J.: 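Encoded as structure tokens, here's the structure I'll be asking about.
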Number of protein chains: 2
Amino acid sequence: MRSAVLTIGNLSKATGTKVETIRYYERIGLLAAPARTAGNYRAYGKTELGRLSFIRRARELGFGIDQIRALLSLSEKKRRSCKAIDEIAREHLEHVDRKISDLVMLREVLHTTIQECSRGTVATCRIIEALSPVGQNR
Amino acid sequence: MRSAVLTIGNLSKATGTKVETIRYYERIGLLAAPARTAGNYRAYGKTELGRLSFIRRARELGFGIDQIRALLSLSEKKRRSCKAIDEIAREHLEHVDRKISDLVMLREVLHTTIQECSRGTVATCRIIEALSPVGQNR
DNA sequence: ACTGCACCCTGTAGCCACTACAGGGTCAAG
DNA sequence: CTTGACCCTGTAGTGGCTACAGGGTGCAGT
């Protein structure tokens with residue numbers, strides 16, 4: 001039993017990817033079009049399983065499709081320096097850092113606003129007041 | 001000079017919203033269709049300026065369109081309790097909190113992975129290794 | 001009166017990364 | 001030989017815009 005053939009459903013379960021998503025990855029060229037069975041079913045092997053697992057892990061880490069494309073292509077050039085890979089990862093880390101600090105600032109404003117809410121009527125609600133332009137709040 | 005009439009471009013500048021976005025808000029019913037001039041230009045007044053400012057502030061705080069719809073409708077019922085408003089805001093705060101903690105966890109994994117990178121060749125790159133399924137990394 | 005330009009109009013398509021059908025075909029178990 | 005789980009293609013929808021294309025309007029300068 002060498003490298004069983006996987007249907008799209010098997011591959012889906014094995015990688016935790018929805019069937020539609022796998023077909024989507026094929027459509028956008030992230031996965032190559034696989035061999036087909038007599039009944040026109042997609043037939044996947046270990047190679048595709050590996051590639052899809054890689055993609056999923058990278059997605060979980062928040063990499064974008066184009067970044068993953070680059071990572072995949074770089075990962076095949078084993079003897080090259082991994083400088084380019086490092087750069088993609090660092091760029092992404094910076095992106096995540098920026099996103100976190102944006103959200104933390106937003107959270108502060110939101111939290112403060114909610115804290116100030118008097119639990120009274122809408123007319124005196126500080127949340128609405130915070131959103132309303134000056135002098136429009138009556 | 002009582003409440004000058006604003007063109008869509010004026011409203012755009014006054015609120016920092018792109019013209020296309022204003023038209024989009026109209027299309028989805030977040031802004032009412034305004035009066036028109038003889039030449040079929042949209043003619044806005046203070047009311048719309050106020051409403052759009054409100055929407056923009058809420059968007060900056062990350063509220064979704066449907067939440068803003070609810071906030072706008074609630075904000076008109078001045079004598080009601082602001083409980084429902086408080087709830088929307090709290091729900092959104094929770095959402096933001098969850099997003100932050102997800103991103104912080106992700107950041108940790110990413111950061112650790114990058115730290116481990118030996119700056120050698122792709123074959124020994126820890127970033128690629130972290131993404132590769134077990135036993136696929138050679 | 002004419003020209004040029006900035007602005008406005010509608011309608012449609014694109015972005016990201018999927019997700020969700022509709023309307024059919026295939027395959028294995030009972 | 002039927003049932004039901006799976007598979008196929010193709011298209012449209014999600015959120016919240018953004019970007020055209022292909023036209024019309026308004027006003028300042030000449």
Side-chain angles (χ1 to χ4, degrees), chain A residues 4-31 33-44 48 51-52 54-72 91-92 95-96 99 102-103 106, chain B residues 4-31 33-44 48 52 54-72 88 91-92 95-96 99 102-103 106:
Chain A
V5 166
L6 296 161
T7 63
I8 198 168
N10 298 147
L11 187 62
S12 165
K13 266 166 220 151
T15 60
T17 315
K18 296 206 171 168
V19 167
E20 287 93 340
T21 305
I22 298 173
R23 286 197 282 248
Y24 167 72
Y25 287 162
E26 184 182 324
R27 206 161 58 245
I28 63 169
L30 199 56
L31 289 175
R36 296 288 181 132
T37 66
N40 201 31
Y41 284 17
R42 283 169 182 82
Y44 296 100
E48 285 101 335
R51 194 174 169 98
L52 184 54
F54 185 101
I55 293 168
R56 285 274 99 190
R57 266 166 235 228
R59 284 294 299 132
E60 271 166 32
L61 288 177
F63 286 98
I65 297 288
D66 282 347
Q67 288 178 313
I68 295 174
R69 244 184 256 274
L71 288 175
L72 278 165
E91 204 178 283
H92 181 49
H95 180 74
V96 172
K99 216 162 173 181
D102 286 355
L103 279 178
L106 191 153
Chain B
V5 166
L6 296 160
T7 63
I8 199 169
N10 298 148
L11 188 62
S12 164
K13 267 168 219 148
T15 60
T17 315
K18 295 206 172 168
V19 167
E20 287 93 341
T21 305
I22 299 174
R23 287 198 281 249
Y24 167 72
Y25 287 162
E26 184 182 324
R27 204 161 58 244
I28 63 169
L30 198 56
L31 289 175
R36 298 287 183 131
T37 66
N40 201 32
Y41 284 17
R42 282 169 183 83
Y44 296 100
E48 284 100 335
L52 184 53
F54 184 103
I55 292 168
R56 286 275 100 190
R57 268 167 235 227
R59 284 296 297 133
E60 272 167 32
L61 288 176
F63 286 98
I65 298 288
D66 282 347
Q67 288 178 313
I68 296 173
R69 244 185 255 275
L71 287 174
L72 279 165
I88 292 171
E91 202 179 286
H92 180 48
H95 180 75
V96 172
K99 214 163 175 180
D102 286 356
L103 279 178
L106 191 153

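For clarity, every value in this text was computed on a predicted model and none was experimentally measured. In what follows, chains are A, B, ... by sequence order, proteins preceding strands, each numbered from 1.
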J.: Calculate the interatomic distance between B/Asn10 atom CG and C/dA6 atom C1'; express it in whole Å.
T.: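 That distance rounds to 12 Å.
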J.: Return the set of residues passing side chain to side chain donor-acceptor pair (under 3.5 Å) with B/Asn10 (not counting sequence neighbours), or none when no residue passes.
T.: B/Thr7
J.: Any side-chain to backbone donor/acceptor pair from B/His92 onto B/Gln67? Under 3.5 Å, distance only.
T.: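 The answer is no, because no donor-acceptor pair under 3.5 Å joins these two groups.
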J.: How would you list, by chain and number, every residue that makes a salt bridge (charged side-chain N to carboxylate O under 4.0 Å, His left out) with B/Arg23, sequence neighbours excluded?
T.: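 B/Arg23: no salt bridge (charged side-chain N to carboxylate O under 4.0 Å, His left out) contacts found.
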J.: Rounded to whole angstrom units, what separation is found between the CG atom of B/Leu11 and the P atom of C/dC9?
T.: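 The distance from CG of B/Leu11 to P of C/dC9 comes to 11 Å, rounded to the nearest Å.
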J.: Using whole Å, report how far CD1 of A/Ile22 lies from P of D/dC8.
T.: 10 Å
J.: Atom CG of B/Leu52 and atom C1' of D/dC17: how far apart are they, to the nearest Å?
T.: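 Result: 14 Å.
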J.: How would you label the contact of A/Thr37 with the nucleic acid (heavy atoms, under 4.0 Å): base, sugar-phosphate, or nothing?
T.: nothing
J.: I'd like to know whether B/Thr21 forms a side chain to side chain contact (heavy atoms under 4.5 Å, CB included) with B/Arg56, so could you lay out the CA-CA distance, the side-chain angles of the two residues, the decisive distance to 0.1 Å, and finally the verdict.
T.: CA-CA 11 Å; B/Thr21 305; B/Arg56 286 275 100 190; 3.9 Å; yes
J.: State plainly whether the residues B/Lys99 and B/Asp102 are in salt-bridge range, i.e. N to O under 4.0 Å.
T.: no
J.: Counting N and O atoms only, with roles assigned by atom type, does the side chain of A/Thr15 sit under 3.5 Å from a partner on the main chain of A/Leu52, one being a donor and the other an acceptor?
T.: no
J.: Let me have a per-nucleotide readout for nucleotides 10-23 of chain C, 5' to 3', with B, S or -, counting only protein heavy atoms under 4.0 Å.
T.: B------BBBB---
J.: Tell me: NE2 of B/His92 to C1' of D/dG15, nearest whole Å?
T.: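 These atoms are roughly 14 Å apart.
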